[in-house]
Number of protein chains: 2
Amino acid sequence: MSIRYAILGFLSANPLSGYDLKKLFEESSVFHWSGNNNQVYRTLVELHNEGLVTQEVQQQADYPARKIYTITEKGLAELRQWVLSEPELPQIKSSFLVQLAWADQLEADALDDLLRKYDAEIHDQLIVVQEHKRRSKTSPQRTPREAYLWEAIMDNKILYYETELNWVRTVRETLNEMGKDK
Amino acid sequence: MSIRYAILGFLSANPLSGYDLKKLFEESSVFHWSGNNNQVYRTLVELHNEGLVTQEVQQQADYPARKIYTITEKGLAELRQWVLSEPELPQIKSSFLVQLAWADQLEADALDDLLRKYDAEIHDQLIVVQEHKRRSKTSPQRTPREAYLWEAIMDNKILYYETELNWVRTVRETLNEMGKDK
DNA sequence: CAAATCATGTAATGTGTTACATGATTCG
DNA sequence: CGAATCATGTAACACATTACATGATTTG
């Protein structure tokens with residue numbers, strides 16, 4: 001999947017500029033792109049060439065001009081079609097699990113330190129998404145059902161981090177138990 | 001993180017050929033690379049140039065020659081250092097959540113269908129990793145602690161899919177409840 | 001006899017990040 | 001007065017996938 005459908009999605013709620021989209025991606029944890037300019041601006045040019053969006057230049061006094069992109073009928077159709085396409089499995093890249101796989105060479109306390117740091121990182125991130133859900137600004141919320149869907153998406157993230165946190169704590173405890181036996 | 005540490009990790013247990021590594025990546029769900037030739041063979045050449053592995057060509061009657069790679073002291077040192085490096089947050093790319101975000105345009109039954117398909121996919125994958133854990137072939141298992149670490153890694157995956165499955169079922173039920181009200 | 005396996009490798013393309021570049025304005 | 005914000009865009013590079021290519025052997 002590429003960023004194009006996420007962009008079409010945002011535009012289906014509101015016309016936006018590249019800069020707006022960039023910020024939406026930066027702020028969001030669900031839309032996993034970093035919000036780098038290169039990708040956003042290039043994709044908008046592509047979508048424009050394909051006639052999925054229209055462009056309107058908005059002049060502003062004392063500020064750079066904004067290019068406002070609006071989704072077309074064709075763009076809406078493409079989005080609708082993609083939303084109906086076969087769901088894919090989430091792709092998880094956990095460099096931490098790879099580290100753990102070869103962590104047997106470490107001393108007990110170095111390993112515990114690693115787990116402690118991972119615990120802290122996950123915990124921080126959990127706070128971030130919980131806070132995010134409370135504010136829930138990214139959501140268009142046009143209908144009650146849409147509001148629920150966005151809430152469910154946030155809950156998915158929260159559940160993930162909660163599960164991860166429980167897991168790492170169990171692992172730490174078990175390893176410490178094992179350490180005592182030696 | 002790049003594939004190089006995963007390769008060094010596998011080589012720290014056993015000398016292997018590029019083809020062996022490719023298959024390990026293909027079979028594994030934890031090591032998230034697809035096992036494409038390009039990356040594996042190129043990375044091995046790089047590691048060889050940097051002196052982190054040595055290469056030995058093994059001639060075989062009736063089969064193509066294999067290039068067996070063995071990790072060097074320098075390679076082991078680099079691996080050890082990486083294992084101690086700051087753990088990173090897992091990167092999750094869920095195109096399904098992006099689909100859901102814009103799924104309010106769908107009819108109730110089309111949306112339910114989407115959720116049902118996701119449920120099925122996750123369920124299948126859960127079976128795969130559970131089976132994987134039972135066989136647990138990828139693991140070198142040199143010490144009891146290492147055996148536990150590999151088990152914990154498998155459990156992490158299993159917990160993830162279980163949580164995901166519970167989540168999608170709750171979402172489906174809630175949406176069906178909401179549908180009745182109409 | 002077709003397909004899969006063994007084993008290597010390259011080409012083309014997709015996807016994503018960081019850093020660079022510009023230039024005015026506003027905020028601390 | 002330095003840093004951040006607004007707003008656009010490009011260059012270079014990192015990481016990853018699919019497909020192509022070869023050629024013998026084994027399995028269904």
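All of these numbers come straight from a predicted model, not from anything done at the bench.
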Quick one about B:Thr163 and B:Asn166 (side-chain donor to acceptor, distance below 3.5 Å, no hydrogens or angles considered), yes or no?
no
Within less than 4.0 Å of OP1 or OP2 of D:dT8, is there a side-chain N or O belonging to A:Tyr19?
no
Would you say B:Lys23 places a side-chain N or O within less than 4.0 Å of OP1 or OP2 belonging to C:dC6?
yes
Let me know the distance between CD1 of A:Ile92 and P of D:dA16, rounded to the nearest Å.
15 Å
Could you list by number each residue of residues 34-54 of chain B showing a heavy-atom separation from DNA chain D of less than 4.0 Å, or answer none if no residue does?
B:Ser34, B:Asn36, B:Asn38, B:Gln39
Are the side chains of B:Arg4 and B:Leu52 in contact, using a 4.5 Å heavy-atom criterion?
yes
Test applied, ring pair (Phe, Tyr, Trp, His ring centres under 6.0 Å); reference residue, A:Trp102; option that passes from B:Tyr5, B:Phe10, B:Trp82:
B:Phe10
In whole Å, what is the span from the CD1 atom of B:Ile3 to the P atom of D:dA16?
7 Å
Is B:Lys67 touching bases, backbone alone, or none of the nucleic acid, heavy atoms closer than 4.0 Å?
sugar-phosphate
Closest-nucleotide ordering on DNA chain C, the 5'-leading residue of B:Lys93 and B:Gly18
B:Gly18
Take atom CD1 of A:Ile7 and atom C1' of C:dG16, then tell me their distance rounded to the nearest Å.
13 Å
Return the angle between end axes of the helix from C:dC1-D:dG28 to C:dG28-D:dC1, with five pairs used per end and rounding to 10°.
50°
Kindly point out which of D:dA16, C:dT8, D:dG9 is positioned nearest to the side chain of B:Trp33?
D:dA16
Within this structure, what is the CD-to-P distance between B:Gln59 and C:dT8, rounded to whole angstrom?
11 Å
Parallel, tilted or perpendicular, judged at 30° and 60°: which one describes the rings of A:Trp167 and A:Tyr118?
perpendicular
Side-chain donor/acceptor pairs under 3.5 Å, residues 153-161 of chain A, sequence neighbours excluded:
from, atom 1, to, atom 2, distance (Å)
A:Asp155, OD1, A:Lys133, NZ, 2.8
A:Asn156, ND2, B:Glu164, OE1, 3.3
A:Asn156, ND2, B:Glu164, OE2, 3.1

